[in-house]
Amino acid sequence: MIRTSYLFYALGVATITLALLVCLLSLLCILYVLYFRLKTHQHHFFALRDLNSLWAIRIMLAISASLCSLAELLRLPLLRYRGWFLSSVGDQTQVNLCKGYLIVSQGFMEPFFYLSALFLVHGSLQNDPFGPRKKGNAWAVLNILVCCLPVLVLQLFFVIIGPDMKFRDGQGLGKLLPIYFTRTSEDVHYEGNHEMALCTFPLLSTIVLSTFGIMYVSYFLYVCWRMLSLVINKRMQCRVYGLVFAVVLFLPVKVVFLGLTIFRRPSDGSFELFSFMGFVMTVLTATLGQGILVIRPISDALAVRWVFNSNSRFEKDRRSFGSGSIEVFPLSPVGRDGEESLLGK
């Protein structure tokens with residue numbers, strides 16, 4: 001029997017609010033990227049071509065962040081209460097929504113978000129011949145999808161196929177392992193005779209996410225270490241440290257919170273509290289990631305005075321220097337090394 005306490009209502013409302021705020025931030029980031037792309041094309045900002053080369057990856061980063069937040073609503077108990085949006089669907093549909101939440105969120109959208117952030121940081125390594133900038137947006141998106149595929153396949157197997165597949169003695173994983181390894185939902189009663197399915201986090205799915213996190217964090221730290229070795233600007237260093245902090249701290253902490261849910265029933269307030277804290281880690285990562293990798297680099301680029309030279313001004317300056325070429329400082333997806341000297345005072 002679930003207790004419809006103030007805790008469930010408070011956490012549910014907070015989850016909906018945070019999800020909508022992340023979606024709003026993502027929408028603003030998408031519009032900002034499109035505005036920046038329009039400015040670079042209209043005014044022929046040649047110096048910004050490098051920074052604008054991965055505009056599609058920035059948009060995909062914002063879209064995946066918003067979809068991660070919206071997917072959390074699929075498992076939210078508040079929306080399954082009588083009178084709320086998901087209360088009118090059948091019990092089996094609620095069970096399928098729990099499985100769909102795990103596959104969409106942990107199996108695809110979260111890995112896609114983290115890998116998009118990795119490719120944007122990787123694009124800062126200007127001299128890397130295999131970096132995303134050298135290949136373009138289509139190559140980067142294809143590689144992100146390929147890297148997401150193993151996680152998606154494992155989640156599909158452990159969430160949908162594995163529990164019913166017959167193994168030894170004609171039993172599936174749901175029978176061979178303790179129930180918390182494969183259980184995706186649990187039917188509970190509330191307010192007398194009302195029944196609904198509450199989503200859980202099967203341990204096998206959490207193990208898949210943690211394995212991805214270990215490999216991702218290891219390579220992310222390596223790329224950030226390479227980037228920091230090339231950066232002398234303190235502002236850019238702070239941004240890289242912020243990204244490292246968001247990934248190295250928030251992703252493992254989220255996995256820990258999801259792992260703790262196996263010790264509680266879905267009808268317990270502590271279960272929903274652990275789930276909410278895991279979602280908060282996702283919100284913090286999405287907010288910092290979009291702020292550092294989307295908003296700040298574009299705002300810095302637009303604040304630099306010399307980027308507003310038109311095509312004619314660029315050619316005029318080139319002729320004024322004779323046969324020599326004008327030095328165009330590269331801009332990275334997290335800003336430009338040394339841009340402080342060019343910012344308007």
query = Which atoms form the tightest heavy-atom contact between Thr206 and Gly259, and what is the distance?
reply = CG2-N, 4.1 Å
task = Treating Ile, Leu, Val, Met, Phe, Trp and Tyr as nodes and any side-chain heavy-atom pair under 4.5 angstrom as an edge, say whether Ile59 and Leu31 lie in one connected cluster.
result = no
key: Minimum-distance pair of heavy atoms, taken over all atoms of Arg80 and Cys199   = NH2-SG, 3.2 Å
key: Cluster link Leu28 to Ile63, ILVMFWY, side chain under 4.5 Å   = no
ask   = With a 4.5 Å heavy-atom cut-off, do Tyr114 and Thr285 have their side chains touching?
value = yes
ask   = Rounded to the nearest 0.5 Å, how far does CD1 of Ile262 lie from CD1 of Ile179?
value = 12.5 Å
message = Please tell me whether Trp139 and Ile57 are part of a single hydrophobic cluster in this structure, the criterion being side-chain heavy atoms less than 4.5 Å apart.
response = yes
request  = State, to 0.1 Å, how close Gly289 and Leu243 come at their nearest heavy-atom pair, and which atoms those are.
outcome  = CA-CD2, 4.4 Å
ask   = Just wondering, do Leu18 and Phe276 contact through their side chains at under 4.5 Å, heavy atoms?
value = yes
request  = Indicate yes or no for a side-chain donor-acceptor contact from Glu272 to the backbone of Phe8 under 3.5 Å, with no hydrogens or angles considered.
outcome  = no
Pairs involving residues 138-157, ordered by first then second residue, that meet salt bridge (charged side-chain N to carboxylate O under 4.0 Å, His left out) (sequence neighbours left out) = none
key: Spacing of CE belonging to Met277 relative to CG belonging to Leu11, to within rounding of 0.5 Å   = 10.0 Å
inquiry  = Check for me, please, whether Leu34 and Val294 land in the same ILVMFWY cluster - side-chain distances under 4.5 Å, paths through other members count.
reply    = yes
message = Could you walk me through whether Ser270 and Phe263 satisfy the side chain to side chain contact (heavy atoms under 4.5 Å, CB included) test, starting with their C-alpha distance in whole Å, then the side-chain angles of each, then the deciding distance to 0.1 Å, before giving a yes or no?
response = CA-CA 10 Å; Ser270 57; Phe263 300 106; over 6 Å; no
request  = Could you give me the CA-CA distance, side-chain angles and deciding distance for Leu249 and Leu284, then say whether side chain to side chain contact (heavy atoms under 4.5 Å, CB included) is met?
outcome  = CA-CA 11 Å; Leu249 177 63; Leu284 292 175; over 6 Å; no
inquiry  = What's the separation between atom CD1 in Ile161 and atom CG in Leu154, rounded to the nearest 0.5 Å?
reply    = 10.5 Å
ask   = Parallel, tilted or perpendicular: which fits the ring planes of Phe220 and Tyr216, with parallel below 30° and perpendicular above 60°?
value = parallel
query = Mind checking whether Met215 and Thr211 have side chains closer than 4.5 Å, heavy atoms only?
reply = yes
inquiry  = When you compare the side chain of Arg75 with that of Phe201, does any pair of heavy atoms fall below 4.5 Å?
reply    = yes
Side-chain heavy atoms of Leu204 within contact of Leu177, under 4.5 Å = yes
note = Rounded to the nearest 0.5 angstrom, the CD1-OG1 distance for Ile292 and Thr287 is 10.5 Å
ask   = Passes side chain to side chain contact (heavy atoms under 4.5 Å, CB included), Leu73 versus Ile16? Steps please.
value = CA-CA 7 Å; Leu73 303 182; Ile16 295 174; 3.9 Å; yes
request  = Indicate yes or no for a side-chain donor-acceptor contact from Ser64 to the backbone of Leu61 under 3.5 Å, with no hydrogens or angles considered.
outcome  = yes
query = Is Leu149 reachable from Phe119 through a run of I, L, V, M, F, W or Y residues, each pair having side-chain heavy atoms under 4.5 Å apart?
reply = no
inquiry  = Applying salt bridge (charged side-chain N to carboxylate O under 4.0 Å, His left out) as the test, list every pair that has at least one member in residues 243-260; sequence neighbours left out.
reply    = Glu110-Lys254
CD1 on Ile30 to CE on Met60, rounded to 0.5 Å = 9.5 Å
inquiry  = Quick one, Leu21 and Val283 - any side-chain contact, counting heavy atoms below 4.5 Å?
reply    = no
key: Nearest heavy-atom neighbours spanning Thr184 and Pro202   = CG2-CG, 4.1 Å
Minimum-distance pair of heavy atoms, taken over all atoms of Val121 and Met227 = CG1-SD, 4.0 Å
ask   = Say you draw a straight line from SG of Cys147 to CZ of Phe212; how long is it, rounded to the nearest 0.5 Å?
value = 8.5 Å
inquiry  = Hydrogens and angles aside, do Ser26 and Gln290 bring a side-chain donor and acceptor to less than 3.5 Å of each other?
reply    = yes
request  = Taking the side chain as every heavy atom from C-beta outward, state whether Phe250 and Leu288 have any atom pair closer than 4.5 Å.
outcome  = yes
ask   = Would you call the rings of Phe112 and Phe108 parallel, tilted or perpendicular, where under 30° means parallel and over 60° means perpendicular?
value = tilted
task = Mind listing the closest non-hydrogen atom pair of Val13 and Leu78 along with its distance?
result = N-CD2, 3.7 Å
inquiry  = Can you see whether Tyr101 engages Glu72 through a side-chain donor-acceptor pair at a distance of less than 3.5 angstrom?
reply    = yes
ask   = Which residues pass the side chain to side chain donor-acceptor pair (under 3.5 Å) test with Glu186, sequence neighbours left out?
value = Arg183, Arg265
request  = Output, in order, the C-alpha distance, side-chain angles, deciding distance and verdict of side chain to side chain contact (heavy atoms under 4.5 Å, CB included) for Ile295 and Cys29.
outcome  = CA-CA 7 Å; Ile295 297 176; Cys29 289; 3.8 Å; yes
inquiry  = Measuring only between side-chain heavy atoms, which start at C-beta, is Leu293 closer than 4.5 Å to Arg58?
reply    = no
